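This report refers to the structure that appears directly beneath it.
Computed from a predicted model, the values in this text were never measured in an experiment.
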Amino acid sequence: MDPKKILKQARIAALPRQALYWSLISPVIFILLLLFEAKFEVQGLGNTMKIALELSDMPLFYGSFASAIVFVFIINIFFLTLKQILPHR
């Protein structure tokens, strides 16, 4: 067989497992980014949540928190759906 064809088939077989790993790791990366933004005052959702807590602006904090949870949920659904769509071996 052609080595290029074997390599392509191996990559396709590994895709569902990679999608599963990304669905588990992506929320951790997102939370770390939020903490980084809050710590170093980078303009973003993490900094917005930090300022909202400091100013006791609970509606803004709850809205930011809810949008972060929805984002993580959508990313997880995307990767888990991708895992189901990709060909299995």
What's the separation between atom CD in Gln84 and atom CZ in Phe79, rounded to the nearest 0.5 Å? 14.5 Å
When rounded to the nearest 0.5 Å, the distance separating CD1 of Ile85 from CG of Leu80 is 11.0 Å
Cluster overlap Tyr62 with Leu34, hydrophobic side-chain contacts below 4.5 Å: yes
Could you see if Ile75 belongs to whatever hydrophobic cluster contains Tyr21? Use Ile, Leu, Val, Met, Phe, Trp, Tyr and a side-chain cutoff under 4.5 Å. no
How long is the straight-line distance from CG of Asp2 back to NZ of Lys8, given to the nearest 0.5 Å? 11.0 Å
The reported gap from CG in Leu82 to OG in Ser23 (rounded to nearest 0.5 angstrom) is 10.0 Å
Working for side-chain contact (heavy atoms from CB on, under 4.5 Å), residues Val72 and Ser26: CA-CA 8 Å; Val72 167; Ser26 61; over 6 Å; no
Report the residues that fulfil side chain to side chain contact (heavy atoms under 4.5 Å, CB included) with Ile31, sequence neighbours left out, ordered by chain and then residue number. Leu35
To the nearest 0.5 angstrom, please state how far the NZ atom of Lys4 sits from the CD1 atom of Ile6. 13.0 Å
Identify all side-chain donor-acceptor contacts of residues 42-61 below 3.5 Å with residues at least two apart in sequence or on another chain.
residue: Thr48; atom: OG1; partner: Gly44; partner atom: O; Å: 2.8
residue: Lys50; atom: NZ; partner: Ala38; partner atom: O; Å: 3.2

How are the rings of Phe30 and Phe71 set to each other: parallel, tilted or perpendicular (split at 30° and 60°)? tilted
Which residues share a side chain to side chain contact (heavy atoms under 4.5 Å, CB included) with Ile25, sequence neighbours left out: Ile29
How far does CD1 of Ile69 sit from CD1 of Ile74, to the nearest 0.5 angstrom? 12.0 Å
